[in-house]
Protein chains: 2
Amino acid sequence: MSGVAVQRARAGSSGRAKTEARAGGVRSGGADDAVAVERRDEILEIAAELFAERGYRATSIRDIADRAGMKAGSLYYHIASKEALFVEIHDKALDAAAARVRAAIAGCRSPWRRLEAACVEMLEIQLNPESLTLPIMNNFRSVPDDVKAELIRKRDEFETIFRDIVGGLPLPVSIDRTIYRILLLRLLNTADEWYREGRLTRPEIASQIVAIFRH
Amino acid sequence: MSGVAVQRARAGSSGRAKTEARAGGVRSGGADDAVAVERRDEILEIAAELFAERGYRATSIRDIADRAGMKAGSLYYHIASKEALFVEIHDKALDAAAARVRAAIAGCRSPWRRLEAACVEMLEIQLNPESLTLPIMNNFRSVPDDVKAELIRKRDEFETIFRDIVGGLPLPVSIDRTIYRILLLRLLNTADEWYREGRLTRPEIASQIVAIFRH
DNA sequence: ACATCAATCTAACAAGTGTTTGGTAGATAA
DNA sequence: TTATCTACCAAACACTTGTTAGATTGATGT
């Protein structure tokens, strides 16, 4: 505690806080800082991979820094905190996923075809650890409480897409559409946990899911 | 490392290792050590609750000790290590769950009734944080690799019950029974993550699941 | 009274956590 | 050349982690 106090005092006298100016994410850029932006995106992608692989808690700042080829402290030139990094990744991933799913179902007229297209795309997203669109839509248990609320809000927004899709299905009245959607989304969102490579392809899995959920 | 070596050597010279004699779990008991056994079971149950709530990694030895009303170091009189504690809980939980599900489907003649009874029981198990039968059948991501294999083995053994149940269902040939079972189990095992209190009762949820999975 | 023993405490250990500080090589701009 | 600014590093901070050693307390048995 005393150490912190000393540091604060010194920082006050010597001026400036370079880090904060950048870590917010808003670039007050010069001419071409394309390199800088790329570096930051690179870090986001690396962190996204690790979060997806090991979860939030099990991924340390030093893990991310290692993979990015730098020291832990240097990361804080690019990010504000581990929490902020995760929230940013999470939001971007959901936005990208929403765009992909919307594009995938755009051409489908029949409601069941729409569902199948959405399932295929969701499986593709969840099982391809190559882009920022990554399977981190769950694992909220390992996330601190203060961030959790915001994450859930964003996820609910994403799941609106599926409320529309399920709403258009000609289901028997005996089936509750809300729990139908919840169960379907749970399966798609956790695909990386139950999918076993080699048995069935992703489209085959999607058509199996639709076969089960179709009535 | 050097510290461990020193400690081992000293334990050898001064005799005895009280802790190890007990932590293994096998009691070389005196007359009535019912109190001691109860204390250990109490610890197991407390730890099981915390593991279920927060996951393996997010639950610290000190958390468990706090809830048990003692200090962290004292826990090691009862357990050998955090990993061993988790494995023991996991195994006991699966054994108890298997017994409960088997008992629940015992009286059912129709295959669909069997499925429904199994679903009801599984939801009861997953959503009642009161006994050692607790929702810790997943979350393997946060578990160290060396333990993971053993946990998966035990879980596969448990899931045999559902292979039999699904095997008895008169499903259309277009549906792959393996993925059917995987999807169903994934939903039941993660019920605590998607279940929202107040909307539907557990038996209602179970009948909805069967309504969706029935063909 | 004395020794034994279960059950706990205190206190530390090494390792790892997120984060901050002050410094610095190298490019860019005046 | 000199000054500025980006992107990093080295080193520490305070804190938490699982785990262990050794001392202590209270009950039990002789």
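So you know, we letter chains A, B, ... as the sequences are listed, proteins then strands, and number each from 1. All figures in this text were calculated on a predicted structure; none of them were measured in a lab. Just the heavy atoms: all of them, side chains too, but no hydrogens, waters or symmetry mates, feed the values below.
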Asks: Within less than 4.0 Å of OP1 or OP2 of C/dC9, is there a side-chain N or O belonging to B/Lys71?
Replies: no
Asks: Would you call B/Asp95 and B/Lys154 a salt bridge, taking side-chain N to carboxylate O under 4.0 Å as the test?
Replies: yes
Asks: Figure out the CZ/C1' separation between A/Arg57 and C/dG16, and round it to whole Å.
Replies: 14 Å
Asks: Listed by chain and number, what are the side chain to side chain contact (heavy atoms under 4.5 Å, CB included) partners of A/Ala104, not counting sequence neighbours?
Replies: A/Glu121
Asks: For DNA chain C, whose closest nucleotide is more 5', that of A/Ala72 or that of B/Ile43?
Replies: B/Ile43
Asks: For the side chain of B/Tyr76, counting heavy atoms from C-beta on, which of D/dC9, D/dT20, C/dC9 is nearest?
Replies: D/dT20
Asks: Rounded to whole angstrom units, what separation is found between the NZ atom of B/Lys82 and the C1' atom of D/dT16?
Replies: 12 Å
Asks: Counting only side-chain nitrogens and oxygens, does B/Arg39 get under 4.0 Å of the OP1 or OP2 atom of C/dT8?
Replies: yes
Asks: May I have the distance from A/Leu85 (atom CG) to C/dT19 (atom C1'), rounded to whole angstrom?
Replies: 14 Å
Asks: Mind running a 4.0 Å heavy-atom check of residues 59-66 of chain B against DNA chain D and sending the residues that fall below it, in number order?
Replies: B/Thr59, B/Ser60, B/Ile61, B/Arg62
Asks: Do the side chains of B/Arg202 and B/Glu197 get close enough for a salt bridge, i.e. N-O under 4.0 angstrom?
Replies: yes
Asks: Given D/dC9, is OP1 or OP2 found less than 4.0 Å from the side-chain N or O atoms of A/Ser74?
Replies: yes
Asks: Expressed as a whole number of angstroms, how long is the span from A/Ile79:CD1 to D/dA7:C1'?
Replies: 15 Å
Asks: Quick one: A/Leu75 CG to C/dG18 C1', roughly how many Å, whole number?
Replies: 11 Å
Asks: Between B/His78 and C/dT8, is there a side-chain N or O to OP1/OP2 distance below 4.0 Å?
Replies: yes
Asks: Regarding B/Arg153 and B/Glu157, does a basic nitrogen lie under 4.0 Å from an acidic carboxylate oxygen?
Replies: yes
Asks: Does B/Glu53 have any side-chain hydrogen bond (donor to acceptor under 3.5 Å, both in side chains) partners at least two apart in sequence or in another chain, and if so, which?
Replies: B/Arg67
Asks: For the residue pair A/Lys82 and A/Tyr76, would you count it as a cation-pi contact if the rule is NZ or CZ under 6.0 angstrom from the ring centre and within 45 degrees of the ring axis?
Replies: no
Asks: Could you check how far CZ of A/Arg40 sits from C1' of D/dT6, rounded to whole Å?
Replies: 15 Å
Asks: Phosphate oxygens OP1/OP2 of C/dA7: is one of them under 4.0 Å from a side-chain N or O of B/Tyr77?
Replies: yes
Asks: Is a salt bridge present between B/Asp63 and B/Arg54, judged by a nitrogen-to-oxygen distance below 4.0 Å?
Replies: yes
Asks: Using the side-chain heavy atoms of B/Met70, tell me which of these nucleotides is nearest: C/dA7, D/dA7, C/dC9.
Replies: C/dC9
